[in-house]
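Everything on this sheet refers to the single structure shown next.
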Amino acid sequence: MEILVTGFDPFDGEPINPAWEAVKRLDGKVIDRQHPVHALMIPTVRYEALSAIKRGIERFDPQLMIAVGQAGGRMAITPERVAINCDDFRIPDNKGNQPIDEMIVPDGPAAYFSTLPIKRIVMRLMAAGIPAQVSNSAGTFVCNHVFYGLMDFMKKEGKGRRGGFIHVPYLPKQAARLKNEPSMSLEMIVEGLTLAIKASVEIGVDERMTDGVEC
């Protein structure tokens, strides 16, 4: 099974993006000695990010895809449950786009659910001592845009690919500059994403557990 993992370039004036810093360290890894991982940086730009992912799919033909993004203010690695069909950017993206209350896919459904085992991922991370929690909102910025667009693409393509989105916290160097926001070390983020990939390649239903923040 080929695996594609994506991370955004820096945005909103940040010099780095923890998503890409972690994802690029996964490039070339082989999970369970049989599942190669390919890393791809995507632009924090409406629609261009989705185009980059589609090119990555054409190149690597992955059966599992995980998009990763930065969630400033969060204290844990958070697999996202649901993507909504709405672009409502609080800030401009890296090319100045700032849509308000616009649909991502005009003929698309209101929402898509992740096809990653989000609760299994959380359990594996917590067992390893890594803070993790299911999130019920991926926001309405480019992260949600990519999450929704990826799920819509896979649904329409109909080839049985699986995928979803995971948010990661700031790195400590960012948190220190941003008045002590919550953060997580790069090493822990990389370990957490590796465990998330391992949990996702397994066949079977997700774990049943109570989890998930209210917002």
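Here the side chain of R161 pairs a donor or acceptor atom with the backbone of P62 at under 3.5 angstrom. Looking only at distances, a side-chain donor or acceptor of R120 sits under 3.5 Å from a matching main-chain atom of A199. No donor-acceptor distance shorter than 3.5 angstrom exists from the side chain of D32 to the backbone of Q34, with no hydrogens or angles considered. Between the side chain of H38 and the backbone N or O of D27 there is no donor-acceptor pair closer than 3.5 Å. Remark: the backbone N or O of F89 is paired with a side-chain donor or acceptor of Q98 at under 3.5 angstrom.
Proximity of I130 to L195: side-chain heavy atoms (C-beta onward) are separated by under 4.5 Å at one or more points. Side-chain contact between L4 and L40 is present, with at least one heavy-atom pair separated by less than 4.5 Å. For the pair H145/Y47, a side-chain contact is recorded, criterion being any heavy-atom separation below 4.5 Å from C-beta on. Between F141 and T44, some side-chain heavy-atom pair lies under the 4.5 Å cut-off. Side-chain contact between P117 and S200 is present, with heavy atoms from C-beta onward closer than 4.5 Å. By the 4.5 Å heavy-atom criterion applied to side chains, V142 and V45 are not counted as neighbours. Using a 4.5 Å heavy-atom cutoff, the side chains of T115 and M151 are in contact. Taking the side chain as every heavy atom from C-beta outward, V68 and I189 never approach each other to under 4.5 Å.
For the pair V122 and A132, the tightest heavy-atom approach, listed with the atom from each and the gap, is CG1-O, 3.7 Å. Of all non-hydrogen atoms in P18 and L171, the two that sit nearest each other are CB-CG, 3.6 Å. The two residues C86 and I104 make their nearest non-hydrogen contact at N-CD1, 3.7 Å. Smallest separation of non-hydrogen atoms from S185 and P172: CA-CD, 4.0 Å.
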Evaluation steps, salt bridge (charged side-chain N to carboxylate O under 4.0 Å, His left out), between K54 and E48: CA-CA 10 Å; K54 290 175 184 177; E48 290 187 17; over 6 Å; no

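With 3.5 Å as the limit, one finds no donor-acceptor pair spanning the side chains of E2 and H35. Side-chain atoms of Q133 and T78 form no donor-acceptor pair, as typed in the model, at a separation below 3.5 Å. Using modelled atom types and a 3.5 Å distance limit, the side chains of N17 and D9 yield no donor-acceptor pair. For R46 and N97, the side-chain atoms include no donor-acceptor pair closer than 3.5 Å. Donor-acceptor pairing under 3.5 Å is lacking for the side chains of Q174 and E181. Judged by distance alone, the side chains of R162 and S114 never bring a donor and an acceptor atom under 3.5 Å apart.
Separation of atoms OG (S137) and CD (E80) is listed at 6.5 Å; rounding is to 0.5 Å. Atom CH2 of residue W20 and atom CZ of residue R25 lie 10.0 Å apart, to the nearest 0.5 angstrom. Taking CZ of R55 as the start and CZ of R59 as the end, the distance is 11.5 Å to the nearest 0.5 Å. Atom CG of D101 and atom OG1 of T140 lie 8.5 Å apart (nearest 0.5 Å). A distance of 12.0 Å separates OH in Y170 from CZ in R74, rounded to the nearest 0.5 Å. The line from CD1 of I166 to OG of S135 is 11.5 Å long, rounded to the nearest 0.5 Å.
Comment: D107 engages K156 in a salt bridge, judged by a side-chain N to carboxylate O separation of less than 4.0 angstrom.
Here Y112 and F147 keep their ring centres 6.0 angstrom or further from each other.
No single ILVMFWY cluster, assembled from side-chain heavy atoms under 4.5 Å apart, contains both L186 and F8. With hydrophobic clusters built from ILVMFWY side chains whose heavy atoms lie under 4.5 angstrom apart, M184 shares a cluster with I121. Linking Ile, Leu, Val, Met, Phe, Trp and Tyr residues whenever their side-chain heavy atoms come within less than 4.5 Å places V190 and I77 in a single cluster. Hydrophobic clustering places V168 together with I16 (ILVMFWY residues linked when any side-chain heavy atoms are closer than 4.5 Å, directly or through intermediates). Under a hydrophobic-cluster definition in which Ile, Leu, Val, Met, Phe, Trp and Tyr are linked whenever side-chain heavy atoms come within less than 4.5 Å, directly or via other members, I31 and L116 are assigned to the same cluster.
Among pairs with a residue in residues 115-140, none fulfils ring-ring contact (aromatic ring centres under 6.0 Å, His included), at least two apart in sequence or across chains.
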